Amino acid sequence: MDTHYDPKHIEPNCLKHWADTTVGTPTGQGDPYCIMLPPPNITGSLHMGHGFQLTLMDILIRYHRMQGRNA
């Protein structure tokens, strides 16, 4: 097992798989699923929590889309 992540070695295989399949492709069918976005940051100071929150929302939307929901 490699000790370092090499995106040039890993990413092309993932991208090809995603392009060849319909995994995660929206169909416009199924029960609707949406996430209410929070209001913008009023302090203007971004921190790791903002990135974490957006990542979680992205994961949830993608998960529900792959489950057949209209996300």
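Numbers here are sequence positions counted from 1. In this text the structure is predicted, and so the values were computed from the model without any measurement. As a basis for the values below, the full set of heavy atoms in this structure was taken, side chains included, without hydrogen atoms, waters or symmetry mates.
Partners of Tyr63 under the ring pair (Phe, Tyr, Trp, His ring centres under 6.0 Å) rule, at least two apart in sequence or in another chain, do not exist in this structure. Every residue meeting the side chain to side chain donor-acceptor pair (under 3.5 Å) condition with Asp58, not counting sequence neighbours, appears here in chain and number order: Arg62. Not counting sequence neighbours, the partners of Thr55 by the side-chain contact (heavy atoms from CB on, under 4.5 Å) test are Ile59. Applying the side-chain contact (heavy atoms from CB on, under 4.5 Å) test to Leu54 and every residue at least two apart in sequence or in another chain returns Met57.
Residue pairs satisfying the salt bridge (charged side-chain N to carboxylate O under 4.0 Å, His left out) criterion with at least one member in residues 43-55, sequence neighbours excluded, are absent. Within the structure, salt bridge (charged side-chain N to carboxylate O under 4.0 Å, His left out) pairs that include any residue of residues 4-16 comprise Lys16-Asp20 (at least two apart or interchain).
Cluster partners of Ile10, using a side-chain heavy-atom cutoff of under 4.5 Å among ILVMFWY residues and allowing indirect links, are Tyr5. Within the hydrophobic cluster formed by Ile, Leu, Val, Met, Phe, Trp and Tyr side chains joined at under 4.5 Å, directly or through other members, Phe52 is accompanied by Leu56.
Contact between Pro7 and Pro12 at its shortest, heavy atoms only, is O-CD, 3.6 Å. Nearest heavy-atom pair, Ile61 versus Ala71, reported as atom, atom and distance to 0.1 Å: O-CB, 3.8 Å.
Here the side chain of Arg69 pairs no donor or acceptor atom with the backbone of Gly30 at under 3.5 angstrom.
Asp31 is not listed as a side-chain neighbour of Asn70, based on a closest heavy-atom distance of 4.5 Å or more.
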